[in-house]
Colleague: 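Could you have a look at this structure, given as structure tokens, before my questions?
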Amino acid sequence: MKLVIAIVHDEDAMELIDNLTEGGFKVTKLATTGGFLKAGNTTLLIGVEKESVDSVLSIIQDVCKTRKGVVSMPSPMVGATGVFVPTPVEVTIGGATVFVLDVERFERI
Ligand code: 2BA
């Protein structure tokens, strides 16, 4: 068995959960926050048989789109003047960040 951990954009999460559920997969949704942008995102835990990992990845690929985000970085002036002048820097977020882990043991009790 494998555990697919998918970090996705909040706006894609509900459609992705619906498509995974319709595909017969079980999903747990966690509300998470990205360390870099400090913005909300969604992490899904999907436990699946090894043979189904590619199907899950294909559903994620169909739904999750890349987006632009903006983060404020201190400008080079801050070192010389001590004045923080935020400079907006654009980053590309997602479609999805996916980890596939081996599951040592799975129990439903
Ligand atoms: P954030 O950490 O908020 O990162 C959002 C986007 O900012 C990233 O998109 C990437 O384009 C950019 N970014 C992140 N760290 C950066 C850095 N040190 N320098 C420059 N740009 C940086 P994605 O790579 O698509 O990541 C989307 C979200 O997935 C991340 O949100 C984070 O929550 C998660 N994530 C990505 N890689 C991860 C990893 N190796 N481990 C754990 N979580 C990860």
Side-chain angles (χ1 to χ4, degrees):
M1 188 175 207
K2 301 279 184 183
L3 180 65
V4 179
I5 301 175
I7 304 165
V8 304
H9 201 281
D10 284 345
E11 286 172 26
D12 293 330
M14 282 308 163
E15 183 184 351
L16 180 56
I17 290 169
D18 286 347
N19 290 7
L20 287 166
T21 305
E22 280 164 25
F25 299 109
K26 294 181 180 170
V27 185
T28 295
K29 173 181 179 291
L30 305 173
T32 46
T33 303
F36 190 66
L37 295 181
K38 312 277 188 296
N41 53 27
T42 297
T43 298
L44 301 182
L45 307 181
I46 310 144
V48 287
E49 293 309 322
K50 196 168 64 177
E51 306 73 46
S52 297
V53 169
D54 286 344
S55 306
V56 167
L57 295 185
S58 146
I59 293 171
I60 294 171
Q61 209 163 18
D62 282 349
V63 173
C64 295
K65 300 156 194 79
T66 58
R67 290 181 175 79
K68 299 288 180 193
V70 175
V71 61
S72 288
M73 306 288 270
S75 80
M77 282 176 67
V78 74
T81 63
V83 178
F84 177 83
V85 182
T87 308
V89 175
E90 193 176 73
V91 293
T92 302
I93 310 163
T97 300
V98 180
F99 303 87
V100 181
L101 284 66
D102 287 323
V103 173
E104 191 175 296
R105 183 167 161 173
F106 169 70
E107 305 264 1
R108 292 178 70 212
I109 296 167

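Remember, it's 1-based here, ligands and their atoms both numbered in the order they're listed. By convention here, the first residue in the shown sequence is residue 1.
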Colleague: Quick one: salt bridge (Lys or Arg N to Asp or Glu O under 4.0 Å) pairs with a partner in residues 98-109, sequence neighbours left out?
Modeller: Lys2-Asp102, Arg105-Glu107
Colleague: Knowing that exactly one of Ile17, Val98, Ile7 qualifies, which makes a side-chain contact (heavy atoms from CB on, under 4.5 Å) with Leu44?
Modeller: Ile17
Colleague: Got Val4 and Phe25 here, is their nearest side-chain heavy-atom distance under 4.5 Å?
Modeller: no
Colleague: Does any non-hydrogen side-chain atom of Lys68 lie less than 4.5 Å from one of Ile93?
Modeller: no
Colleague: Are Phe106 and Ile5 linked, directly or through other ILVMFWY residues, by side chains that come within less than 4.5 angstrom of each other?
Modeller: yes
Colleague: Check the hydrophobic clustering (I, L, V, M, F, W, Y; side-chain heavy atoms under 4.5 Å; chains of links allowed) and say if Met14 and Val27 are grouped together.
Modeller: yes
Colleague: Please list, by chain and number, the protein residues whose heavy atoms come under 4.0 Å of ligand 1.
Modeller: Ile7, Gly34, Gly35, Phe36, Leu37, Asn41, Val91, Thr92, Ile93, Gly94, Thr97, Phe99
